[in-house]
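Some notes on the structure that comes next.
Everything numeric here is computed off the predicted structure, so don't read it as measured data. All chains are named by letter (A, B, ...) in the order of the sequence lines, taking the proteins before the strands, and each is independently numbered beginning at 1.
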Amino acid sequence: MTLLWIPLLTLLGVLAPMCLERYGRNLCSLGTATPPAIALLLALNQVPALMAGEVPRIAISWIPQLGLDLAFRLDGLSLLFLTLILGIGLLIILYARYYLAPEEPFGRFNAYLMLFMLSMVGIVMADNLLLLWVFWEMTSLSSFLLIGFWSSQSDARKGARMALTVTGAGGLALLAGFLLIGDMVGSFNVGVVLDSADVILADPRYPIMLVLVLIGAFAKSAQFPFQFWLPHAMAAPTPVSAYLHSATMVKAGIFLLARLHPAIGDSAMWGWLVTLTGMTTFLYGGWFALLKTDLKGILAFSTVSHLGLITALLGIGSPMAILAALFHILNHATFKAALFMCSGIIDHEAGTRELAKLGGLRRAMPITALLMSLAAAAMAGVPLLNGFLSKEMFFKETLDAGLLGGLGWLLPLLATLGGVLSVAYSLRLVHSVFFKPAKTAPPKHPHEPPRLMRVPVEFLVMICVAVGLFPAVLATGLLNLATEAVLGRHLEFHLAIWHGVNAPLIMSLVALGCGVALYGVHPSIRRFVRQFATTDARMIFENSIQRLVARSQSLTERLENGSLQRYMSLLLGAALLLATLGLLELPQLAGGMPEGELDGVLILGAALLIFGALGTVVTHRYRLVSLLMLSVVGLVVSLTFARFSAPDLALTQLSVEVVTMILLMLALFFLPQKTPRESSAHRTIRDIALASALGMVVASLNYAVLTREIDSISRFFIDNSVPGGGGHNVVNVILVDFRGFDTLGEITVLAIAGLAIFKLLNRLRLFMPHSDAEGRVWSPDRYPMILTSVSQWLLPLALLVSVFIFLRGHNQPGGGFIAGLVTAVALILIYMARGVEWTQSRLDFPYQLVAIGGVAVATLTGLGSWLFGRPFLTSAFGHFKLPLIGEFELATAMLFDLGVYLAVVGATLMILANLGKVTTPHRPTKDAQPATSKEKS
Amino acid sequence: MLQHLIVLPVVLPLVCGILLLISRHGSTSLKRVLGIGSTALLLAVAIALVDKAASGEVSYYALGDWQPPFGIVMVLDRLSALMILLTAVLALGCVVFASAGDDEQGSNFHGLFQLQLMGINGAFLTGDLFNLFVFFEVLLLASYALLMHGGGKSRIQAGLHYVVLNLAGSALFLIAVGVLYGATGTLNMTHMAVRLSELGPESAGLVSAGALLLLVVFGLKAAILPLYFWLPKAYSSAPAPVAALFAIMTKVGVYAILRVYSLIFGDQAGPLAAIEQPWVWWLALGTLAASAVGVMAARDLRLLVAYLVLVSVGTLLAGIGMQTPEAVSALLFYLIHTTLVTGGLFLLAELIGLQRGKAGTRLVKGRPLRNGGLLGILFMIGAAAVAGLPPLSGAIGKALLMAAATPAQQPWLWPVLLIAGLFSLVALSRAGSTLFWRSHDGEPSDRPLGRRQLFGVIWLLGASPLLVLLAGPVSDYTQATAEQLSTPAVQIRALLPDAGGDA
């Protein structure tokens, strides 16, 4: 349980600064620092257990399906990193207390910092690879916030985005790599994975996995070719840089390599890839560190370089190399954190980090000068400091590496070269800031920082010196535990300053000597290099992202050109293709049923149908004609229904036809009577081909269905219509009873359609043509006499017919739907004959209420059955006797049908009234000017 | 009432919708109370349904007391219960958000919203293919009306594309249902599954034509390549609470594909089994790739979110294309996550746009935000979740899906999925740093955040961390759901005991 407290306490540290911000900085810092301090103590408290050879673990099941557990471990490697993360983290919190300007949001800064710390703690303690990945990506996110902390600066924003993109992308590769490992091993548990090296190495997917994992690690640790994000992350406030680039973020990749080394490190591929990448990075970073003119820039590239060194050691992979790597991790963290903090102090007190504007600061800030010189010396590998020891070990390992075969001498040579660079840039750093006379005065008058701001640096430099002097006493214990965790066994080693005169010592001396010389000539080198065009990684990165965005935009615009015709042709084309594929599987189109007889009427009907359809298409530019052609189709369809004994359908089709035609006519009023030819010849051909092909396919499907015998459920409906539904008209019983739920849905659709059209037209201001296509002004005689009088006495008649159709519906052709349409037609006629105003003043009821009321009646009928403990929409019927009328039947289905009737009438009139409302009161007349359209409420 | 529980997700919003539409001139606050109350009640019903379905039993509700296969049935299993719950959670966030003022921008918002819910819930529950068509119509028309809410040229234009294409889709749906009925003689999906196992070879082609036509229709609803082109514009121009609700609309298509092809075209269908697989799999990958490009191209936050919806569609369909219970379980987890998070992001985009003055949601330099801190945190959560970064739900969903891929699928799925994730990450980090970090000097706008709006956003985005905490139980549920789906025999036994369920 103690283990769980370490991340939990850090999590607490995220919340603490937010709550404490208002109580002043000191308390805020204290509150932030307390939880990680306790966590550090807890971690150190585990040392005895570790010494005894135990590995404390804890696992809580989280997502078994994924194999992701909340599992933590604390072995020597974790401990080493925890000490760095928490220890340096505490120093950073103290440092940041003085670094941030008073107006900056201090609590937020600390919260971000702690979030980052939490992620790092999670990485090094995770005992489950997926959990490790979770924390891994959290470092990317939290570092994004930290790097972009000064968000008003463009540099910070771009640097943050770049870091997030590169490390985030690496994280994605890492996820893939981890999933592959999990697939190979069957578990994501770190312990299990570390024990399964043979399984992993034997798997054919090993190379892919290795590359993916290495991409993740290299991206995080800024190894070549992913090194470019790190220098730009320097836009962050200095405490952040000091933390991210010494002890934490960039060490995460290194940590991962060390963590997984036992499982995946034992192959030639690992050796080659990791060592060479490390060496390349080592030299690359060193070279650019020498050329940079900005303090943090130099430190950034030196970090890249030193990370390369550690990576190379991990690539070599011998036990002593691992030891050297771990030792250098420790050393690098201390001196680099100290150096960053010093550069922050200089920036803070002198107001600039540009070497050109600095110089001679040793007088103004002597203590800082001393501290920074010592740290830089440790970085350069000067004897009696910690950096010297691990660098010495590095030189030795390059000699013993046994990589590159006959070219084996290349490694030590390159290592020495890197050492030379390292000495040169360290020297430059210190010399040009503190010792070289200043050319110009710095922007601020420099002086020593507040006492407490310097404390963290003093502490770190003290460690550098102490470890350099007494390595055996101070570092052996921690390193023992860490190497044991990586190697899985105890390693005998002895850290000492003096090993006698041997090759590594000579290499060190050469590096020191040549380094000083190189610093001497570096101005001429910089002059030489200036001839090359400078490439700013950020520009390249931003430009390539911009290019990607531009390409994406042009591709997207090409895909989505906003043409409805194209989208429609894609939809229909897809339908055509897939339906055709199905048809191709049919052995033959015709099924077993005999074909019916053809007679003259049928042929005539079919011919009319085809004529109507073709006519609609051909005349489509003359909308009115086209509409008339369409109505031919509709009428023939209803005749067809009648011919094949479906009177209900025929009636419905007929009335639907009439209503839609009238509504379409109304809508046509707003459109130009004639449209210009819009389609190109190509498109016309395409459309004709598509339409005819689809037509043929659908026709074939029809034919295939109609000629096949099926055993369908329809027999049930016919058998149960009278005993179960109480009606002789099966179609109507299906509509209101067997499948009443469908009907309820459909009348809801109808009502919504009315509402939708209301919404659409409500605010629409339409252009109203004041004449027809030939330029004839609309007739001033709005309400023709004959129509008015006919419509007036037609209405009661039509209502009567509706009632009749409605009442007989359950047993004979008819029903609420048709009755509703008939009523609607009659009312529409009145509207047309008399106009909206006249009609509405007499038929004063809101149609929305009628339509919704219809749905309500139908729904209530359905709900009624709940009172009798039956399911929704269960029908009941009974026979009653009344004097005079005789016996008759009453069914709840009729109530339901009444709902249908009301919904149809209401929705239809709603559409009509809305269309009419847009025009009528302001329709241009002969003598009146076209009035501006104004809404009538 | 308990015996009618299964039909309540349809009847409750219907009744409330009717009440709201009848009282359209009633007071605004009354309508809001009714709308929110009904949605909250729906949430309670949904929880009860999930509780009922969690037992693993498939139960049904025979409308009009007509037993299957003759009458229409609503079928409750783990999947439909999950979808209803998801809809209710999403809808509650949307309707509360809308009650801050968006609902008064046009007529009948709350009523239409309820009817839209009715359509969605009906589509999730129905066990009848034609009834599915009816509910598709309900939700299409309602969504069209809602899309128009508030008016404006771009909405009308996008709405036209939306409604015309979807009506054409409806026509295809009818043809497909007709063909399937003609070949199998039934409309009940469970019964159709039984019939397919007895189908003679002379009709197999007919069924496959019908099945593939249905795939076109569902693909249009789900917005699969090349049928999604209408979506970005429609979603990005819809009013925020409507766009957020639309996050579930593409999932209706995904659900329909999952339901129809796992039930009707399951193993018992013989040669017709998994007929959709190659199409869904490859087109899903194409959708993922194309929509990732769209994410990169988006110059407006709403449009960006609309493309993220498409990315999620591609991801989900790829899960269907993988055809294993593990993949289905993973995709269901991802579905919960993506629906709520993209919904929340649509709402959040509106809040951001409101405070940025003229710049709105366009990704250009704008006014500083008045509540930049809070909105920034919310954006960060939403963006990390939707891009699939840990520790939020998107990462879990994505990892589950990737882990479910077989070695043959890995080389296709992983790169596409990961690169789409990377594109989202890049686009979102660019968007976020522009919106929150890059602003003109000057005074922030004085528009405060509405409490209800904030509730809507937090309610939806908060689901992501919650989903991570509860990932264990949730993935157990989705796992059980996937297993239930992969054995249609359970449903056949429950609905049609006479068919023996042995098919």
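The choice from Asn188(B), Leu140(B), Val474(B), Ile396(B) that makes the most heavy-atom pairs within less than 4.5 Å of chain A is Ile396(B). Among Leu180(A), Leu130(A), Asp742(A), Leu873(A), the residue making the largest number of heavy-atom pairs under 4.5 Å with chain B is Asp742(A). Between chain B and the options Leu172(A), Thr748(A), Thr165(A), heavy-atom pairs under 4.5 Å are most frequent for Leu172(A). Most heavy-atom pairs under 4.5 Å with chain A, from the set Leu227(B), Leu213(B), Leu21(B): that is Leu21(B). With respect to chain B, the highest number of heavy-atom pairs below 4.5 Å among Leu577(A), Leu68(A), Thr556(A) belongs to Thr556(A). Put simply, of Leu145(A), Leu863(A), Asp737(A), the one with the most heavy-atom pairs under 4.5 Å next to chain B is Asp737(A). Note on Gly592(A), Ala173(A), Ser151(A): by heavy-atom pairs under 4.5 Å with chain B, the leading option is Ser151(A). Each of Pro415(B), Ser329(B), Gly178(B) has some count of heavy-atom pairs under 4.5 Å with chain A, and the biggest count is that of Ser329(B). When Tyr181(B), Phe135(B), Phe133(B) are compared by the number of non-hydrogen pairs under 4.5 Å with chain A, Tyr181(B) comes out ahead. Counting heavy-atom pairs under 4.5 Å between each of Tyr61(B), Tyr144(B), Tyr228(B), Phe436(B) and chain A puts Tyr61(B) at the top. Interface remark: of the candidates Val7(B), Ile275(B), Val11(B), Val11(B) forms the most heavy-atom pairs closer than 4.5 Å to chain A. When Asn561(A), Leu576(A), Thr580(A), Leu164(A) are compared by the number of non-hydrogen pairs under 4.5 Å with chain B, Leu164(A) comes out ahead.
At a 4.5 Å heavy-atom cutoff, the contact between Val468(B) and chain A is made by backbone and side-chain atoms alike. Interface remark: Leu570(A) contributes backbone and side-chain atoms alike to the contact with chain B (heavy atom separation under 4.5 Å). Proximity to chain A (any heavy atom under 4.5 Å) is shown, for Ile419(B), by neither the backbone nor the side chain. With a 4.5 Å cut-off on non-hydrogen atoms, Ser700(A) does not touch chain B at all. Proximity to chain A (any heavy atom under 4.5 Å) is restricted, for Ile175(B), to the side chain, taken from C-beta onward. Of the two parts of Leu418(B), the backbone and the side chain both hold a non-hydrogen atom closer than 4.5 Å to a non-hydrogen atom of chain A. Looking at Leu422(B), both its backbone and its side chain come within 4.5 Å of chain A, counting heavy atoms on both sides. Both the backbone and the side chain of Glu746(A) come within less than 4.5 Å of a heavy atom of chain B. Of the atoms belonging to Leu389(B), it is side-chain heavy atoms, and not backbone ones, that fall under 4.5 Å from chain A. Heavy atoms of Asp183(A) lying under 4.5 Å from chain B belong exclusively to its side chain. In this structure, chain A has heavy atoms under 4.5 Å from both the backbone and the side chain of Ser203(B). Heavy atoms of Arg708(A) lying under 4.5 Å from chain B belong exclusively to its side chain. Heavy-atom distances place the side chain of Leu220(B), and not its backbone, under 4.5 Å from chain A. The contact between Ala62(B) and chain A is made entirely by backbone atoms, counting heavy-atom distances below 4.5 Å. Interface residue Ala183(B): only backbone heavy atoms are found under 4.5 Å from chain A. When heavy atoms are compared at a cutoff of 4.5 Å, His149(B) approaches chain A by way of both its backbone and its side chain. Only the side chain of Phe423(B) comes within contact range of chain A, judged by heavy atoms closer than 4.5 Å. Residue Gln565(A) does not touch chain B at all, counting heavy-atom pairs closer than 4.5 Å.
Shortest non-hydrogen contact noted between Trp437(B) and Ala160(A) is CZ3-CB, 4.3 Å. Considering all non-hydrogen atoms of both residues, His161(B) and Ser563(A) come closest at CE1-C, 4.4 Å. Summarising the geometry of Ala856(A) relative to Ile18(B), their closest heavy-atom pair is CB-CG2, 3.5 Å, with the distance given to 0.1 Å. Taking each heavy atom of Ile752(A) and Ala145(B) in turn, the nearest pair found is CG2-CB, 4.5 Å. For Gly582(A) against Leu212(B), the heavy-atom pair with the smallest separation is N-CD1, 4.5 Å.
Side-chain contact check for Asn720(A) and Trp66(B): no donor-acceptor pair (N or O, by modelled atom type) lies under 3.5 Å.
A salt bridge links Arg299(B) and Glu557(A); the closest N-O separation between the charged side-chain nitrogens and carboxylate oxygens is under 4.0 Å.
A distance of 11.5 Å separates CZ of Arg157(A) from CZ of Arg430(B), quoted to the nearest 0.5 Å. Here the CZ atom belonging to Arg161(A) is positioned 6.0 Å from the OG atom belonging to Ser429(B), to the nearest 0.5 angstrom. With values rounded to the nearest 0.5 angstrom, Ile710(A) atom CD1 is found 8.5 Å from Arg195(B) atom CZ. Atom CG of Leu583(A) and atom CG of Leu206(B) lie 7.5 Å apart (nearest 0.5 Å). Atom OG of residue Ser208(B) and atom CG of residue Leu578(A) lie 10.0 Å apart, to the nearest 0.5 angstrom. The distance from the CG atom of Leu760(A) to the CE atom of Met148(B) is 5.5 Å, given to the nearest 0.5 Å.
Outside the 6.0 Å centre-distance limit, the rings of Trp230(B) and Tyr567(A) are not counted as a close aromatic pair.
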Task: Full working for side-chain contact (heavy atoms from CB on, under 4.5 Å) between Asp128(B) and Arg739(A) - done: CA-CA 10 Å; Asp128(B) 186 284; Arg739(A) 298 190 69 93; 2.6 Å; yes

TODO: Go through the steps for Phe717(A) and Phe70(B) under the test side-chain contact (heavy atoms from CB on, under 4.5 Å), then give the verdict.
DONE: CA-CA 8 Å; Phe717(A) 297 134; Phe70(B) 306 108; 4.3 Å; yes

Task: Worked verdict on Val134(B) versus Leu744(A) for side-chain contact (heavy atoms from CB on, under 4.5 Å) - done: CA-CA 9 Å; Val134(B) 171; Leu744(A) 180 60; over 6 Å; no

Task: Worked check of side-chain contact (heavy atoms from CB on, under 4.5 Å) between Trp866(A) and His4(B) - done: CA-CA 8 Å; Trp866(A) 285 8; His4(B) 305 296; 3.3 Å; yes

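Residues Leu571(A) and Leu172(B) form a side-chain contact, since some pair of their non-hydrogen atoms from C-beta on lies under 4.5 Å apart. Taking the side chain as every heavy atom from C-beta outward, Met296(B) and Leu548(A) approach each other to under 4.5 Å. Within the 4.5 Å cutoff, side-chain heavy atoms of Arg205(A) are placed close to those of Gln410(B).
Looking only at distances, no side-chain donor or acceptor of Arg108(A) sits under 3.5 Å from a matching main-chain atom of Gly373(B). Side-chain atoms of Glu202(B) do not come within 3.5 Å of backbone N or O of Leu586(A) as any donor-acceptor pair. Here the side chain of Glu137(A) pairs no donor or acceptor atom with the backbone of Pro390(B) at under 3.5 angstrom.
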